[in-house]
Structure formats: structure tokens, C-alpha cells
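One structure is given here, and the rest of the page talks about it.
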Amino acid sequence: MEDIVRQLIGYVRAMWLYRWWGLLAAWLVGIAAAIGIYMLPDRYESSARIFVDTQSVLKPLMSGLAVQPNIDQQVTILSRTLISRPNIEKLIRMADLDLTIKNEKDREALIDKMTRSLAIRSTGRDNLFTLSYQDEQAERARRVVQSFVSIFVESGLGDKRKDTDTARRFIEEQISGYEQKLEDAENRLKEFKLKNMAMMGEGRPDYFSQLSKVTADLEQARLELREAQNSRDALKRQLLGEEPVLLPQAQAPSLSSVSIPDIDGRIDALKKNLDGMLQRFTEAHPDVIGTRRVIAQLEEQKRKEIELRSKEAPSQFGSLNSNPVYQQMKLAMGEAEANVASLQARVSEYQSRYDALRKASQLVPQIEAEYAQLNRDYEINKKNYESLVARRESANMSVEMESTSGIAEFRLIDPPSIPLKPAAPNRVLLMPAGGVAALGAGLALMFLLSQLRPTFQDARVLREISGLPLLGTVSMIPDDGRKRRARNSNLFFAGGLAGLVGCFAVLTAMLAIMQA
């Protein structure tokens, strides 16, 4: 620390040798600064205050129905990006500043000047903005601010409309794309259903449900068939002790006139059963087809039986008769045979369905998986389409709401006016700064000269720099005349420095009085 202090003292003593050069430089710089500050042109500032009201009565009422952008954020971004080259060029045309432009260089200079002079200040949460501009002419400053206010309002409304139109066009394009996707998905579903109509259709249960139902129906039909067969076998055992009685017949026998109770009973029972089924089913039903087939077989069997008996006893052949008990048992036997035949046809049909489903056991699950995939893609596209349509309606409602009441309203609180007093330069502050600059210039010149022409102030500095042993020093003893001249010189230097400071103080006071 002691070395640093000693080094600083050495610098000061070296600078003191060139104090007159420093004083001269300070006076020259001070005079030049004072003249320059006084000659600076006056600049007038015109300003306007705008309030952006973003609170609308419809905003809370339409919450959830219409799109409500962050208007506060949009206004803030607008205020930060308003001073741009396109807006500056538009402002120059609106304020008639392009009348003085002679070439492209003048245009660029004017744009640069206005970019630096225009200012937008915000108070923060209140959406209150101050637009200001400084110019050498008060009227021109007011005209520029007035045009700037118009650009600010037009930019806010125009950007919102532009953003809304862009969003609506984008949504319309997406809706058109999803409409095409939905059409393609619906066509794929239609073709898939037509191709696999036999295995799956509208309202048809899935494969496992069908297989379970057919299995249950098949087991039930087999159970009923066994019951019918047991009933028929019991009737046969009861008929073992009875024999039919043949009655003579004069005329030749015919298929309709000859009665064979065993076969006729079965045919009558099957015909009754057929009539009942035709009331419930169509001709293509498997039970109807099976019953007709059994009836035809029984009629063919009856015809052969008649031919056989005609050959054995042609003269004595007649209708088969029996006692009443025998006839009743024959009728019951016929009904039992018909029931067995009908149940056999039903079991055969259910067995064929069961075999077909078992055969398609590998194909049906794959078809159902493909159908589920197609349906899932369709549902996703449909959901996105409906969501986009809802957003489009919300955007349309937002546009109608903005056009009806306006989401943001620009209110001009303080219109621009012609300033009467200049806003710049502030000579009261610039004049003391000029004095400080003059003193700084004098000190800088003194330090520069002391470094260009260095001197040794004491024996220690000489010994440290030269590195040689110092045997001694010779001191100068000034006489009275030298002391008097040194004292006068110091007083003159102090007076010159005080005069410089006093001049700047007087000039500052005069400027303050003039501005007041």
C-alpha cells in the first residue's frame, strides 16, 4: 500500500511540472464545449397518450363458446414491434416528410433519424401507452405524433383481423382434409362389410357368441331327438302283440284309397307339423325342407308296400284295418316317427352350422380384428373432424363478437399538441458536464506529457530504475526571489483554474434562469 501511495505521489509531482499546459488545454476545451452546448439546436417534443381497453362485457359471457385470445399480450407485442421500417416509411408519407427528400441517401438518413427519435413508453398493467417524437420544428413533431397514433390503432385492429382470417383458412383446410379421410374410411368399412357379410353384419353377434349359441342349440336338439327316439321305441314295443286285419277290396287299389296305418300316421303327423312350420318359417327353412323330404320318402315307401302286397294277394288286398286301440297306437307311432324325422333334420342343420363355424375358427377372429382396426381409425378421424368443426364455429363466433362490440378499444386520452418549450438539449445539465470534461482534458494532457518526458522525483526512484548504487544527492536551496516567483505562479494557476470553474458555474446559472 505504501508503494502505491508513493507511486501516485510521484505521478502527481511529475504532472505538476506541466500544469500550465494542462490549464491551457482545460480553458480551450471548456470554451469549445460552452460554445458547442450553446449552439446546439433546440428540439421540441410532442406526445400523445393512448389507453387500450381490453375488458369487454361479452368476454365473460362468451367464455367457453368463442375463442378469446390474450389481447393484453398482443397489445404489448404490438407496442414493441410498432417502430419498424415499413411503419416508418408509411409514417413519412402520412406526415408529408417525403417532400424534402431528394435522393435515396436523404431517405435513409430520415428513416434512421425517425427510428431514433420515436419512442413508445408503457405504464405496465394499465395498457396506457405514451407516443412521443422530437424534432427541430414543433408543428412537424405534432404532425408526426398524430400520424403515429393512427398507425398504432390501425395496426392493432388489422393484425387481429389478419390473424383471425389466417386461423379460419387453416381450419378450413384441415376440415377438408379430414372430410376426405372420413370418406375413404367409410368406403373401406363398406367394402369390408360387403366382403364379409356372411360372418359379420349390422347387429350380428361376434364369432364366439355365435359358436356358443349354435353349440347350445345343437345340444338341445340332440336331447330332444333322443327323447323322441325313446318315445318311438316304447310305442314299437307296445305294438308287438297286435296284428292288422285285412278286409277284401273289390276295385283295384290306388295310392290314395289304400290305407297303411303305420305309414299313413307318420305322413299325417308330418303334414300337420309342416303346416305349423310354414306359418312360422319360409320354404327355404332347413326344417321345412327336411320335413318335405321325409314326407316324400314315406309316400314312396307306401307305394312300394302297396305294390308288394298287391302281388302277394291281389284279389284279397284291401284296406288295412285294426281295432281302435291298435289304430290309436298306429297314429301315435306315426306322429313319433314324424317328430323323430323333424328332429333329425334339425340336428343335421345345427351340426352343419357348428362345423362351418369351427372351420372358420381361424378366419373369423382375424376378420373381427381387421374390422376393429378399421373402426378405430374411423372413430379417430371422426373425432378430429368434429373437433375442427366445433373450433371453426367458435372462430366464426369470435369474429362476429369482435365485429359487434370489439374486443380491444383504443382511446386517445391526450391528443398530440404543439410544444411551446424545447425538450432538448438540457443545457443546464450539459454545461457542468462540459466543465468537468474540460478539467478532465487538462489532467489527461498533463499525464500524457509526464509520461512522454519522464523525470526522477527522488533518489529512490533513480536507484530502482537504474539498478546502480547511489552515493548521494545534492539539494537545491532556493532564495527569496525564487520562493516569491513560485508562490505567485501557484496563485496564478489556482486563479486560472478557479476562473474556469466560475465561468461554467455562471453560464449554468444563466441558462437555468433563461429556461425558467
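Checking R121 against S47 by side-chain atom types alone, no donor-acceptor pair falls below 3.5 Å. A side-chain donor from one of D184 and Q180 sits under 3.5 Å from a side-chain acceptor of the other.
In terms of heavy-atom proximity, P425 sits nearest to P41 at CD-O, 3.2 Å. When all heavy atoms of G442 and A25 are compared, the closest pair comes out as CA-CB, 4.3 Å. Closest approach of W20 to S489, counting heavy atoms only: CZ2-OG, 2.9 Å. For F504 against G434, the heavy-atom pair with the smallest separation is CE2-C, 3.7 Å. Closest approach of P432 to T508, counting heavy atoms only: CD-OG1, 3.5 Å. Looking at every heavy atom in both residues, L118 comes nearest to I83 through O-CD1, 3.8 Å.
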Item to check | Verdict with reasoning, S117 to M114, per side-chain contact (heavy atoms from CB on, under 4.5 Å) | outcome: CA-CA 5 Å; S117 300; M114 296 194 66; 5.6 Å; no
Checklist entry - Is there a side-chain contact (heavy atoms from CB on, under 4.5 Å) between F152 and L412 once you walk through the steps? => result CA-CA 11 Å; F152 182 76; L412 183 61; over 6 Å; no
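With contacts defined as side-chain heavy-atom distances shorter than 4.5 Å, the pair L449/R453 does not qualify. Between R353 and L218 the shortest side-chain heavy-atom distance does not fall below 4.5 Å. A 4.5 Å side-chain heavy-atom check between N384 and K181 finds every atom pair outside the cut-off. Between R280 and H285 there is no side-chain heavy-atom pair separated by less than 4.5 Å. Side-chain contact between M446 and Y11 is absent, with no heavy-atom pair separated by less than 4.5 Å. Considering only heavy atoms from C-beta on, Y18 comes within 4.5 Å of S450 through its side chain. Side chains of L439 and L497 form a contact here, defined as non-hydrogen atoms less than 4.5 Å apart. No side-chain heavy atom of D106 sits under 4.5 Å from any side-chain heavy atom of L110.
Screening E179, Q174, E172 for a side chain to side chain contact (heavy atoms under 4.5 Å, CB included) involving L388 leaves a single residue, Q174.
Using a 4.0 Å cut-off between charged side-chain N and carboxylate O, E379 and K383 make no salt bridge. Using a 4.0 Å cut-off between charged side-chain N and carboxylate O, R427 and D42 make a salt bridge. The pair D287-R346 meets the salt-bridge criterion, with a side-chain N (NZ, NE, NH1 or NH2) lying under 4.0 Å from an Asp/Glu carboxylate O. Ion pairing between D480 and R484 fails under the 4.0 Å rule for side-chain N and carboxylate O. Comment: R142 engages E139 in a salt bridge, judged by a side-chain N to carboxylate O separation of less than 4.0 angstrom.
With sequence neighbours left out, A141 forms a side chain to side chain contact (heavy atoms under 4.5 Å, CB included) with S46, Y133, D135.
Expressed to the nearest 0.5 Å, how far CD of Q137 lies from CZ of R143 amounts to 8.0 Å.
No donor-acceptor pair closer than 3.5 Å links the side chain of R49 to the backbone N or O of I413.
Enclosure of atom CG in L99 by more than 12 non-hydrogen atoms of other residues, nucleotides or ligands within 6.0 angstrom is indicated.
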